Chemist: 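Could you have a look at this structure, given as structure tokens, before my questions?
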Amino acid sequence: MDKIWLIIQREYLTRVRKKSFLIMSLLAPLLLAGSLVGIAKFSGSSETQVVAVRDDSAQRMLQHLTATEEVRFVPASGTTLAGATEAFKKARPKQDALLYFPPSFTLDNSTGIQLLANGNVSLNRQSKIRKAVEKAVGELKLSRSGLTQTTIDNLKAKVELDAVDLTQQGGRKNNVGTTTAAAYFLSILVYMFIFIYGVQVMRGVGEEKSSRIMEVMISSVKPFQLMMGKILGIAAVVLTQFALWMVLSWGLTTLAAPLLMKSDVKSPPAAAVAGMQQATTYDKAPAATATASDDAAVAPTAATTSPWSFLSGLPVGTIIGGFLFFFLGGYLLYSALFASIGAAVDDQTDSQQFMFPITIPLILSYVVSINVIINGDPNGPLAFWLSMIPFTSPIAMVMRLPFGVPMWQLLLSGTLLVAGFVLTTWVAARIYRVGILMYGKKVTYAELSKWMFYKG
Amino acid sequence: MQPILQALNVRKAYAQHVALDGVSLDIPERSIFGLLGPNGAGKTSLIRIITQITAADEGEIRFRGERLKPAHIAEIGYLPEERGLYKKMKVGEQLLYLARLRGMSRADATERIKAWLTRFDIKPWAEKNVEDLSKGMQQKVQFIATVLHEPSLIILDEPFSGFDPINANLIKDEILDLRDRGATIIFSTHRMESVEEMCDSIALINRSRKVLDGPVSAIKDQFKTQTYEVEGKGRLMVMHPDFEVLEHKERENGHFYDRIRLHAGTTPNDLLRYLISNVEVHAFRELIPSINDIFIRRVRETMPESLVEPVSA
């Protein structure tokens, strides 16, 4: 045990003292803080696209198109379509697209509408414009059928859905956006860390083998001690790095918080101005102004509390505990396999063929999990099985964590993961033991499986 | 005296071949022991069993009469044939690390590292990475790492390969010094002549079997051929009932060189008396077979001709 401890110390210290470790530790939080600031700055003011409208029909569509946060409609200048197109081209980039209603356009024949733009208009933007037109046509049809504008307004049902998570204490409201973001972020962190540091274990073993220090080491310590010492030492490096990132990110974002606030204080007048412009042009505008100023009023309060306030509503304790456990479990499981590859091959370039079967479950579990958990049902049967199988559970379970996972599943998956890494460590140790003193031999899978059953 | 290390009927087989077959050895304490044999004879396999890197399939190794166990690692120092150190680690730290893995305390190790580095003139390099050192200095560091924990048994696999002549001599002196201070040293090598003069006893291994072992002097006595080299001036009678001239060379001015084998019952003094009374003797020397010669002879005796492996010199 003393010896493992010495090995852990060496593996840890040599890596932590490296310049690259320092750079990574400082750079990553800066990037994270930077992107948080960026998100906070730009997320509120997602760009409003301006669409010029040329209406050759008798419907006076411009008056009926409702401005939203995303789309605003202005009249196109010029007397003909060609003129309007020319004017639009001149007006760019203030105007994003030109919407054209042909003379043939009526409420019952709503074909032939064209959207002209330089280059392609993204599907997302197209659908927003289409919806605005659909809404306008629908309302016009209603009013044609004899309903007054007030009746129409009264008929509109405005529903807001407050999703409440019953598994959380007091039935806290949840926020799908934050939950999804957290799921993405945590699982990609697990994926990256397992991969990056697993490969480090492999290269560390390869280095010992190629520098021929292995025989000296093995005459002092058991191969298993050497392997576990390396794996655990590097695990300690990961945890240190992670802790540094957390502390530095927290510090940096706290420092950056005042900056965020200032930028948000500026925004209300801007929003109000935008609202007033709309008010002068369109009769539906007062509603828009109201929402804009509401948003503006909410934003600064959110920013003053903390840049991390977006985390509220998530089971943070479980997420951090679960993340650490499943990350460590996954790392131990995979890094043992990486270590055995490092031991089996002479040359780093030969390691590719053996890395393939290890990286496949890692990559698959990430890709499949995104589809099944984030885009599908986080508690469905496939999600359940993905988060139980030890090879996929580190990523799948971490991805499920922000959505809330029943405790029995966490415990079961945790137990299976421990069993999984005990098994892979056992297999890896047997391959490792033989491989580290084997030089100049091209290794095959058949050979590896034989090594597992060598005695002594 | 009890041998420091005993191998009893050790057998080790790998998937395709038998590396050691019924090898028994006694290695006397405070001696230099040569484990000799051609490449692939099984020397390294035996050493790996002694250093507990692998285990024997059959038989056992006893260290001071006890069955070999992990605690003995601290008493053994091993310099493998394949030398290696962590390239990106500082010399001092590396030595400390290796010493502590062999059970030394930090304080003891630090002190001894200082002493050894001073002794080998590489103290200023203690804070340098190993990769920044010259080959010769790396070899010194490697040797220090082997003996730092003052093992009572030091195993050196191909000790002088890769050492330049100056370092080889330095290491030779250190080895003799260590022996005088009580350590036992095992040399394993296929270059028999490189260690012949240093070894107290040897074992010859060929094709996974021990073919011969014992003190060097006894082995040489056993393999003496009663052959003498004579140089002198005059005319030597070629036919004589007591001895046989194996080789005769005439040189200028009546000088000659002869190789003469005594017949049983004749002593060197008889030959000398005969020579003195007949010719002018310039040199008279017994021809002692080298270990290499003995090895070849022994292998020829015990095995069919076709099985004798060429011994690389």
Side-chain angles (χ1 to χ4, degrees), chain A residues 1-15 17-21 203-226 229-230 233 346 432-441 444 446-456, chain B residues 12-16 44-45 47-58 70 72-74 76-90 93-106 109 129-131 138 141-143 145-146 148-149 151 153-155 157 162:
Chain A
M1 211 51 218
D2 277 359
K3 290 182 179 178
I4 286 199
W5 181 236
L6 281 169
I7 296 166
I8 292 175
Q9 278 182 328
R10 190 200 89 87
E11 297 293 338
Y12 179 77
L13 288 176
T14 49
R15 282 185 171 75
R17 280 197 220 136
K18 272 189 195 157
K19 280 194 197 77
S20 55
F21 178 82
R203 287 178 43 199
V205 174
E207 197 190 329
E208 273 169 354
K209 200 177 166 181
S210 62
S211 75
R212 310 273 169 163
I213 192 163
M214 204 56 109
E215 211 169 338
V216 176
M217 294 300 295
I218 294 308
S219 67
S220 306
V221 298
K222 292 218 169 68
F224 183 75
Q225 291 175 316
L226 189 58
K230 184 174 288 292
D346 276 355
Y432 182 89
R433 192 185 53 146
V434 181
I436 46 177
L437 293 176
M438 196 77 81
Y439 288 101
K441 201 169 180 183
T444 61
E447 193 85 26
L448 285 186
S449 57
K450 250 192 252 163
W451 291 0
M452 280 171 56
F453 301 105
Y454 274 1
K455 55 192 182 307
Chain B
K12 175 81 185 173
Y14 292 106
Q16 283 89 18
T44 301
S45 293
I47 289 172
R48 284 187 177 174
I49 293 170
I50 298 172
T51 50
Q52 302 184 49
I53 291 173
T54 54
D57 296 341
E58 284 168 34
H72 291 139
I73 284 174
I76 298 177
Y78 174 39
L79 179 72
E81 180 177 6
E82 299 286 0
R83 312 287 153 73
L85 295 163
Y86 287 107
K87 291 194 175 69
K88 303 222 181 272
M89 216 174 163
K90 287 178 183 148
E93 278 174 21
Q94 176 134 252
L95 288 172
L96 182 63
Y97 177 57
L98 292 173
R100 294 196 68 200
L101 282 179
R102 285 185 177 266
M104 279 182 85
S105 75
R106 176 182 283 272
N129 279 346
V130 170
E131 61 185 352
Q138 287 187 26
V141 173
Q142 188 105 45
F143 182 78
T146 309
L148 194 64
H149 55 294
L153 180 65
I154 299 166
I155 302 172
D157 201 352

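A, B, ... follow the sequence lines: proteins, then strands. Residue 1 opens every chain. Since the model is a prediction, treat every value here as computed from it, not as a measurement.
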Chemist: I would like to know whether B/Arg102 and A/Ser219 meet side chain to side chain donor-acceptor pair (under 3.5 Å); could you show each step before the answer?
Modeler: CA-CA 9 Å; B/Arg102 285 185 177 266; A/Ser219 67; 2.6 Å; yes

Chemist: Go through A/Ile7, A/Leu13, A/Ile213, A/Val221 and name the one with the most non-hydrogen pairs under 4.5 angstrom from chain B.
Modeler: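 If we count pairs closer than 4.5 Å to chain B, A/Ile213 comes out on top.
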
Chemist: Roughly how far, to the nearest 0.5 Å, is OG1 of A/Thr14 from CD of B/Gln94?
Modeler: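 Here the rounded value is 11.0 Å.
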
Chemist: Please report the interatomic distance OG1(B/Thr54) to CD1(A/Ile218), rounded to the nearest 0.5 Å.
Modeler: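 If we round to the nearest 0.5 Å, B/Thr54:OG1 and A/Ile218:CD1 are 11.5 Å apart.
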
Chemist: Using distance alone, with no hydrogens and no angle criterion, decide if B/Tyr86 and A/Glu208 have a side-chain donor and acceptor under 3.5 Å apart.
Modeler: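 Short answer, yes.
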
Chemist: Give, for atom OG of A/Ser220 and atom CZ of B/Arg100, the distance between the pair rounded to the nearest 0.5 Å.
Modeler: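 It comes to 13.5 Å.
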
Chemist: List the steps, then state whether side chain to side chain donor-acceptor pair (under 3.5 Å) holds for A/Glu215 with B/Tyr78.
Modeler: CA-CA 9 Å; A/Glu215 211 169 338; B/Tyr78 174 39; 2.6 Å; yes

Chemist: Using side-chain contact (heavy atoms from CB on, under 4.5 Å) as the criterion, point out the one residue from A/Leu226, A/Val216, A/Leu6 that pairs with B/Leu101.
Modeler: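 That would be A/Leu6.
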
Chemist: Strictly below 4.0 Å, N to O, side chains only: are A/Arg17 and B/Glu93 in salt-bridge contact?
Modeler: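 Salt bridge: yes.
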
Chemist: Which atoms of A/Met214 come close to chain B, meaning under 4.5 Å heavy atom to heavy atom: side chain ones, backbone ones, both, or neither?
Modeler: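 No part of A/Met214 comes within 4.5 Å of chain B.
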
Chemist: List the steps, then state whether salt bridge (charged side-chain N to carboxylate O under 4.0 Å, His left out) holds for A/Glu207 with B/Lys87.
Modeler: CA-CA 9 Å; A/Glu207 197 190 329; B/Lys87 291 194 175 69; over 6 Å; no

Chemist: Where on B/Glu131 is there a heavy atom nearer than 4.5 Å to chain A: the side chain, the backbone, both, or neither?
Modeler: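 Looking at B/Glu131, nothing touches chain A.
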
Chemist: Would a 4.5 Å heavy-atom cut-off, applied to side chains only, mark B/Met89 and A/Arg10 as touching?
Modeler: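 SC-SC contact between B/Met89 and A/Arg10 confirmed.
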
Chemist: Can you say whether B/Arg83 sits under 4.5 Å from chain A via the side chain, the backbone, both, or neither, judging by heavy atoms?
Modeler: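 B/Arg83 touches chain A through backbone heavy atoms alone.
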
Chemist: Atom CZ of A/Arg212 and atom CG of B/Leu85: how far apart are they, to the nearest 0.5 Å?
Modeler: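 With rounding to 0.5 Å, CZ (A/Arg212) is 13.5 Å from CG (B/Leu85).
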
